[in-house]
Amino acid sequence: MMLLGLRGIGKTVLLNEIGRIAENEGLLVSRIEAPERQNLPTLLYPEMQKVLRSLSTVEAAKQLSKRGLKALRGFGSIFKIEFAGVEVGVEPEPGLADSGDLQHDLPDLFGVIGRAAKAADRGWVLLIDEVQYLTRPDLSALIIAIHRISQDGLPILLVGAGLPQVARLAGEAKSYAERLFYYSEVGPLDPESAALAVQKPIEREDASISASALDSIVDRTKGYPFFLQEWASAAWDLAEGPEISNDDAARSYNATIASLDSGFFKVRIDRLTKAEVAFVRVAAGLGDGPYPMAEIASAMGRSQSSLGPIRANVISKGMMYSSEHGFLDFTVPLFADFMRRQKLV
Ligand SMILES: Nc1ncnc2c1ncn2[C@@H]1O[C@H](COP(=O)(O)OP(=O)(O)OP(=O)(O)O)[C@@H](O)[C@H]1O
Ligand SMILES: [Mg+2]
């Protein structure tokens, strides 16, 4: 399963919740986040080691997990993984997961882990956040491994989360990815859920919020979780209590925007070069997205092809995504508003 959505929409929260549910069901759960410059073998190695060690304590899975640990040993050497916990007394098994080609070795390893898990009557849930930062070869290898697992009916489940472009990236890496994954779009909360997200934590503290204050927060945040969180927190801090009034909500609005501007929004722009900022600023100046690439180019007085590298960078840095052919949009909700506010300063 792949959870796809914009920044601050609740993907990580959802992934953690899925992990909690899986743990309560007695499944083995691993959680990794794909950073921009770290490879998949290095990220997965310690998790696979933990899972195999845990499975090796189950009598019925002992042999298979030992074999898995041997394979992992060879895998660790060939991918030059510097790990603290070298398996003492474990000799690598030549020919298993040690070809140096991740597209062969990862499916091999997942196969052994899956068979060991099946023998132990357990399951392994692998949660990967920020999937869009995986390199194409890493993503391909992961897809092949999951494909193999699903064909062999082994108990390994991948739940990924990332920006909307993940669907396209996965499809480009392996065309069958479209049929392999269940893509679930994570969008803003509906008004009822948004109201609950604000109200429930307040009531847990034996306080309350007036209906009109709640309405205005739900309405103006458009159900975006990061915005709800920030505003509700600012209103809570400002209110005398025990009820958060409409006036408290109204008075905390500016503090909320200021806090988002200097945090949530600003960290995105800080990662861009000057030329990329100019590109993003021109797009925001056109109104709310999605933006036709042709229009951005003409507003900048440039040709579309000359903007190719900048376009590629704002996408790979996760600032924008290609919403449909020839169109771009921000990955951060309400980002165009933020850029336009910056102009006034
Ligand atoms: N279901 C929810 N109920 C209450 N608050 C939520 C919920 N989902 C998200 N939030 C709030 O929104 C914030 C952003 O959520 P989260 O970090 O999961 O977003 P994300 O989609 O992973 O964003 P990013 O792409 O930037 O990583 C959380 O820190 C939390 O405050
Ligand atoms: Mg996240």
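First listed ligand is number 1; within each ligand, the first listed atom is number 1.
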* Might you work through the salt bridge (Lys or Arg N to Asp or Glu O under 4.0 Å) test for K70 and D98, ending with a clear yes or no? => CA-CA 10 Å; K70 285 181 175 185; D98 63 355; over 6 Å; no

* State whether the shortest distance between N or O atoms of V13 and N or O atoms of ligand 1 falls below 3.5 angstrom. => yes

* So is L163 polar-close to ligand 1, meaning N/O to N/O under 3.5 Å? -> no

* Would you say E230 touches ligand 1, if touching means a heavy atom closer than 4.0 Å? -> no

* Proximity flag L6 to ligand 1, non-hydrogen atoms under 4.0 Å -> yes

* **Nearest option to atom 8 (N) of ligand 1, as decided by whichever heavy atom of A194, G10, G162 sits closest** => G10

* Asked: If waters are left out, how many protein N/O/S atoms lie within less than 2.8 Å of the Mg ion (ligand 2)?
  -> 1

* To do: State the atoms of ligand 1, each with its element, that fall below the 4.0 Å cut-off from a heavy-atom position in Q229.
  => 30 (C), 31 (O)

* Number the atoms of ligand 1 from 1 as they appear, then name those within less than 4.0 Å of a heavy atom of F226, with their elements. => 12 (O)

* Asked: Between the main-chain N or O of T273 and the side-chain N or O of E276, is there a donor-acceptor pair closer than 3.5 Å?
  -> yes

* **No-hydrogen, no-angle side-chain donor-acceptor test under 3.5 Å, D129 and T12** => yes

* Output yes when E23 and R20 qualify as a salt bridge under the 4.0 Å nitrogen-oxygen rule, no when they do not. => no

* Determine, step by step, whether K50 and E47 satisfy the salt bridge (Lys or Arg N to Asp or Glu O under 4.0 Å) criterion, reporting the C-alpha distance in whole Å, the side-chain angles of both residues, the deciding distance to 0.1 Å, and the verdict. => CA-CA 5 Å; K50 253 186 267 172; E47 299 305 327; 3.6 Å; yes

* Only one of K266, R340, R341 passes salt bridge (Lys or Arg N to Asp or Glu O under 4.0 Å) with D261; say which it is. => R341

